[in-house]
Amino acid sequence: MDKTGQVVLEMKGITKSFGAVRALGGVDFELRRGEVMALLGENGAGKSTLVKVLAGLHAPDSGDIRIDGKPFALGSTKLSHAAGIAVAEQEISVIGTLTAAENIFLGGVPFRGPWTRRRLAARARPYLDAVGLGHLDPAVPVERLAVAERQLIEIARLLATDARILILDEPTAALNDSDIEKVKAMVRRLADAGHSIIYVTHRLGEVFEIADRITTLRGGRSSPAVNVSDMTLDKVIEKMIGRPLEEMFPPRVSKPGAVVLEMRGVTSRALPLPQDLQVRAGEIVGIAGQVGSGAEALLRAIGGADVVESGFISVDGTRFPPAHSLAEAKLRGVGYCSSDRKLDGIFAELPVSANLVSPSMDRVAPGGIVSRRRIRSLTAELSGQMAIDPGRAGYKVGALSGGNQQKVALGKWLGIGPRVLLVSEPTRGVDVGARAEIYGHLRRLAEEGMAIVFSSSDIDEVRGLADRVIPMYRGRQVRIADPDRITSQELVRDITHPEDEAA
Amino acid sequence: MDILKKPLVQRSLLLAAVYAAMAVTVANFGTSGNAYAILESSALVGIVAAGLAVNMMAGELDLSVGSVAACAGLVAVMMSGHGVAVAVACAVVPAVIYGIAQGYAIARLQISSLVFTLGTFIGMRGLAYVISDERTLTLALSDLGISMALRERMLLIFSPSSLVMVAVLLLAGVLLRYTRAGREIFAIGGARRESRAAGVPQTRPLVVSFAVSAGLAALAGALASLKGGSATPGGYETVLLAAVTAALIGGVSLYGGRGSMIGVLIGVLTLQVLLSGLQLTGAPGWAANLATGLILLAFLGVDLVNGESPVAEALRRRSIRSRARA
Amino acid sequence: MSDTAIPAGPLRSPAAAALARAVLAAGLVLTLAALGGYFNPAFLSPENGLAILRAAAMSGIVAMGATFITLSGRFFSLALGQTAMFAGVLMAVLMAWGLPFGLALAAMLAVIVCLGAVQGAIISMGANPIITTLGAGALLAGLAGLFTGGRNVAIDSAALAWIGNGRILGVPTQTWAFVAAVAVAWWVLNKTRFGRETIFLGANRATAGASGIGVTKVTVLVFVIASLAAAMMGVFEAAQFSKARVAGFGAVDFDVIAAVLIGGTAIQGGRGSPLRTALGAVFIATLQNYMLLLAWSSGVRTLVTGVFIVLIVAGFHVAARRKGA
């Protein structure tokens, strides 16, 4: 590998704050020609912000940026484009109703003359070939393609911009193994062809296969890039977390009580295979899995967000009606927090108190008439339980930090006296400091007799918090494991390619 | 039988079926003279619907098209002394400029187009009253030839104004399908977030779509007023309803990103065939309202049950429950 | 990975912000009044004040109902004018058949409740509210034509005549009804569970659904309330002229929406209040009255109203985004 490639991108002392939150606090970054640089860090470490600065979506507050050794001011997508930087964001950026070829040329790639099927196909073909989609009809609407193919089309679009610096933000997050191999092979090929690639990922295993160097971010600060050959998995994890993992998580108190939640043979559209699960009072079950693995779908089915098509679910021995709704699950003491807090977890524009009482209107409005006194007392009760600053009861939730938002999203369920709490990605968008607090709350709630099920793509979170770990892969529960008897590597393998075990 | 599953084919068949039903049940319906009349009466709604469809494909809705058409009709009648071309140009050019300004404001403010165009809807209606001094304007006797010329029957069933409609729809269809600007409109309409992430400019397609909707509304209003020989400041109040209905029948989605101009043509014709049939049977004026409202709600229902809407989910829950009970 | 940094917005207390907005709106009305009085003393006379309130009353009553639709995040209804017309026509037709006033009123209200409920149900299933109500409005216009053959229907009822033209303590009945409607709307929104749930729905429909709030129930109810408010206007209109007219309601929807928007209720829902809508209605009536005293033509008045709506709505929108981002 060309370790002596010249430096194409150099960043020094980059800072970026959002209001009072400092997302980047002095990041140095260097990228050479023809190399794959892995960019690693925990949730909240500043990876997304750094990527957005490079993409021109955020202007940095301070710091120097050099492209090919010359000072360069980033700050708009146009400037980033001029610098030869192109980003495939995690967010899906292909348009389903348009064709594969049209998607490639849509985002600013020059294409003069009429956009006829034949001319588009001719121009798109080399880019499709380059990403391994040579077999594809360029005129097929993207909505008919598989997720992996869409991902590859996004990368083909980057190639069409003639970018020299490609940023791939978790390109494999939603892919299965053979597709992951395709993407990895393609990344390597692009680097060997002289592109410089910044590879953002959660999957540490991948890093050792395709990256040349590693830059880690922690709490908005960078540590100098190191060669992959000088690193081990453990060293990388230590660099990312910066302290022993155990301190994050509350100790387990294993004295589970009676079975609270039971499901048998449950299927839904997202879960074609029948699912069984038993959770006892006082127990925290962690479902590990990536996007599309079925981990979140399992929670959605229990909570009533997805329609349960067959099988049954019961809480404390009482069966749910078939195809139960969210409201029916709530009636039986199930609280469900989705992974996208902003989408359906909080009312960002409403004050903390309104958010906290929202599922408990029966309690604060007996007979349909709202009682201010009851709202105040329930707000005080729930903020007390979740350690939310009572002085902020009147503030809009959208203005709070991610950690406080999550406490509101969890705490609102305590008003219904829940038996089961379902939490998807409990610490997404929560900064590192507040995470331990969330874990502590969940453990305490379990000890008070609740049955808690959470799903997460964060391996360490699942191992650290859960009493029982269930890795899921393609809608199948791979096994039920004791968190102390399964290593991170085994768990990663379980949720990425469990077939290898059988082989 | 795959061809029968194509939405456009289905909608064409619907049009054919409606036409056939009318032709069998209503006297004198299936004549070429009536076909001419249907096309002739489609021109106004068809041209407005073409513009509005572009707007809907971009995921927006311009409520002000009726007011713009009224203004344009007045201007065209005032300018009729200078010939058709000048009169229409005087009506359309300011409308396009207005549309550009409106689209730009909506894009930059990132405001809901429904809210913004509601204000311009009222404002433009006021403008119509101002420029007409609250009177109905009529063509000078010497210009009545324009009115005759625009509705002259040609090519068996066409007239100049219905030919303009066909031309507008074809041209809009080609531009939407085969240009970057057209594809961008589809992109921001069907997937606003994804398109932003893909680097599709957000302002330009919106400006284009509002310029097109205003410009075509003005063209339709100018032609219809010249053809009718008069323009009133309160005119074209119902054209929005008819145009949206036609676009929905034609398969343009209210949620953006879907639809074609051929579909719009089919939608307009279906609507007009129905209304013309009603008229020929001697139904009173309010029957048209009733029919349009019913059709609109029916097609809204079709859109709902087909898509990933709460209806579809509610129906699924219901069916699973009844199966479980059995 | 999604370390979306939360922008720390200015943590202003909501009560203070609401107060500031109310003061701003009241200030605007007072400034307009002062200006009007300066240029034309007749503008500030008590009779003119009553005239303004009476003018604001009709669209204001409907706007109280419409505020619920907007607050619940369903934008607005384009069927309210037609609903008002249909309500008047239906009641007149029933009375022409020989039903006494009370019975006709009750039967009409029952029908109106059903109409609102059906619209709400369709919309709660995911249909676009604008288009649904546009279609419903056309349907109602057609039905009114069906019942009347397109002719106005005369009403002969002393009770109705009093409702239309009576005064209590020298103040027209319409104005009393407007004040009552404002009070009821305020109470329902602030003091009832349904009111809170309306706000939840408008603030974030997905979160409301996930919190187990009955999205369908609330949506149906807001459209029922709006339809009833429109029916109230229809009754007053029919009573005032002792006949139910089948035309002339075209501008109602837009007056109503203008009042809601100028009052500053957010079109995305979740923010706003009936009190502010009432201020909006009074503001528009004041503006119209003022322009009338200046002898401006109705075209100019409409134009100015439209421009005001665009400016105020855009201003509210920009201000809200400043605060949010």
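Convention: sequence-line order gives letters A, B, ...; per-chain numbering from 1.
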> Is there side-chain contact between I95(A) and F186(B), with heavy atoms separated by less than 4.5 Å?
Replying inline: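 The answer is no; the side chains never approach within 4.5 Å.
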
- Flag if over 12 foreign heavy atoms under 6.0 Å of CZ, R117(A):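 Open.
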
Counting only heavy atoms from other residues, nucleotides and ligands, does the tally under 6.0 Å from OH of Y104(B) exceed 12?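 Count not over threshold, so no.
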
Engaged part of [X] at the chain B interface, taking heavy atoms whose separation is under 4.5 Å:
| X | answer |
| --- | --- |
| S325(A) | both |
| T77(A) | neither |
| P141(A) | neither |
| V109(A) | backbone |
| V307(A) | both |

If the condition is ring-ring contact (aromatic ring centres under 6.0 Å, His included), which residues does F347(A) pass it with, not counting sequence neighbours?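 F347(A) satisfies ring-ring contact (aromatic ring centres under 6.0 Å, His included) with F200(C) once adjacent residues are dropped.
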
In sequence, state the C-alpha distance, the side-chain angles, and the governing distance for R157(A) and E194(B), and then conclude on salt bridge (charged side-chain N to carboxylate O under 4.0 Å, His left out).
CA-CA 14 Å; R157(A) 180 196 289 146; E194(B) 288 85 343; over 6 Å; no

Practice task
Using heavy atoms and a sub-4.5 Å threshold, report which of residues 170-178 of chain B line up against chain A, by residue number.
Solution key: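 If one takes a 4.5 Å heavy-atom cut-off, the residues of residues 170-178 of chain B near chain A are R177(B), Y178(B).
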
**Prompt:** Which residue out of A187(B), G199(B), G189(B) racks up the most heavy-atom pairs below 4.5 Å with chain A?
**Reply:**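 The option with the most such pairs is A187(B).
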
inquiry  = Just so I understand: if I count every heavy-atom pair under 4.5 Å between each of R323(B), R318(B), R258(B) and chain A, which residue has the most?
reply    =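 Most heavy-atom pairs under 4.5 Å with chain A: R258(B).
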
Contact class of [X] relative to chain A, heavy atoms under 4.5 angstrom:
| X | value |
| --- | --- |
| R183(B) | both |
| R193(B) | both |
| T179(B) | backbone |

Might you point out which heavy atoms bring P322(A) and A324(B) nearest each other, and give the distance in Å?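 That would be CG-CB, 3.5 Å.
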
| field | Interatomic spacing from CZ in R112(A) to CZ in R180(B) - rounded to 0.5 Å | value |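 Taking CZ in R112(A) and CZ in R180(B), the distance rounds to 8.5 Å.
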
What is the distance from atom CD of E102(A) to atom CD of E184(B), rounded to the nearest 0.5 Å?
->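 So the CD of E102(A) and the CD of E184(B) are separated by 11.5 Å.
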
